[in-house]
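Everything below concerns the one structure shown next.
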Amino acid sequence: MPKKQVDLIIRNASELATPYGSNQKPLVGKQMQTLKIIKNAALAVKDCMIVGVGKTSSVTSAFKATETIEAEGKTVIPGFVDPHTHLVFAGSREKEFETRLKGSSYMDIQREGGGILKTVRETRRATEDELTHNCRRTLDIMLKHGTTTVEAKSGYGLTTKDEAKCLRAIKHVSRAHIVKVVPTFLGAHAIPPEFENNPEDYVDLIVEEMIPSIADANLAEFCDVFCEEGAFTVEQARRILQVGHKHGLTPKVHADELTPYGGAELAAETCAISAEHLLHASEAGLEMMSKRGVIAVLLPAASFTLMTQRYADARRMIELGVPIALGTDFNPSCWTESQQLTIAMACRQLQLTPAEALTASTLNAAHAINRAAEIGSLEEGKRADVLILDVPNHRFLGYRFGTNLVSKVVKDGKLVVNVE
Ligand SMILES: [Zn+2]
């Protein structure tokens, strides 16, 4: 048999490790731990797509390539998918960080006009170009750390005009950047100061004006709500998610982050694709999520930055069959671009194994943003988003932390990061 011509072969990898299960359903329970692991592995790419995965000997006897990458001593895994970021904002909050170190809580700071509201003021003042520039800079760093697809939420505009401006910035950067960006409308991130005394009027504005105009302009795929004491009540969140759904926006919920508030239950009830944070989720809420297949997007870096020592009960979620994904929660109070750091925290604070954390950062994360048919695992027929890590096996993920293990990033079949 003549060898088939392909564009790229990555070969002689010490190990290739990937979750598998194509695009059927997010992985749950023991499936999260069960990776496909190939020693002395190779991967073949043609027209941006993976066309062969296996032992180097079998891949190289079936294919010949225009370009070859030697991966001796290295580990090949899928590109990271970060399913929860607040990518688009202006300014920074390093002063507030120091205030928090002295003991002020997140909600104390918000009540004094800091926190989200400071970022809202700065984001409203910024131009669409400035915001696009900020997003581009962040994506550059994320890509170097191995993230090839991110979800990005609006939520620092909080007017129809400024929310649309943020989502347009996401759209511009997504078109131009190597990293693919999936947009989420989060107009219900905080009650803006001008609606402080009449929050119901702000909910009216979201459902009557923001959602229809944003859906019309095709600026978002998902609609998220910060359902929390001091933010949006369960009733308000339900109304926003239902109207979003009617306009074609799939529900997501910031749920039970700071208090037990019924967010997990709401996510299950509204058939949300995911519920995020879940530090205080009730057992009943988790059981409902498990039944409906709602993905728990866990954000250990957000817990780390809150300094409350409270983390989501990931082991219980896995026992209950709730699928878990991991995200950075990149935002001005949790400023990390690194999914590798998230994995290190997930191993230590959520007691995930490196294999579970890898599944949660790739295939399950792709499910959480409705991209599992295209990305999230190294399987034939998926897009060739591939990382080559400078370590001999996947167990180094999380084990070594605070340094960037990425040696090469291949996005859509092209070598886009190459650390010599
Ligand atoms: Zn968030």
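Keep in mind that what you see is a predicted model, and the values were worked out from it rather than measured. Just so you know, ligand 1 is whichever comes first in the structure, and atom 1 is the first atom listed for that ligand. All values below come from the heavy atoms of this structure, side chains included, with hydrogens, waters and symmetry mates left out.
Scanning both residues, E194 and N198, for their nearest heavy atoms gives O-OD1, 4.0 Å.
The distance from the Zn ion (ligand 1) to the nearest N/O/S atom of H84 is under 2.8 Å.
For D329, the N, O or S atom with the smallest separation from the Zn ion (ligand 1) is OD1. The Zn ion (ligand 1) sits nearest to atom NE2 when only the N, O or S atoms of H86 are considered.
The backbone N or O of G155 sits less than 3.5 Å from a side-chain atom of H189, completing a donor-acceptor pair.
Looking only at atom types and distance, the side chain of Q349 has no donor-acceptor partner in the side chain of S303 under 3.5 Å away.
Of the charged side-chain nitrogens involved, none lies within less than 4.0 Å of a carboxylate oxygen, so that R383 and E374 do not count as a salt-bridged pair.
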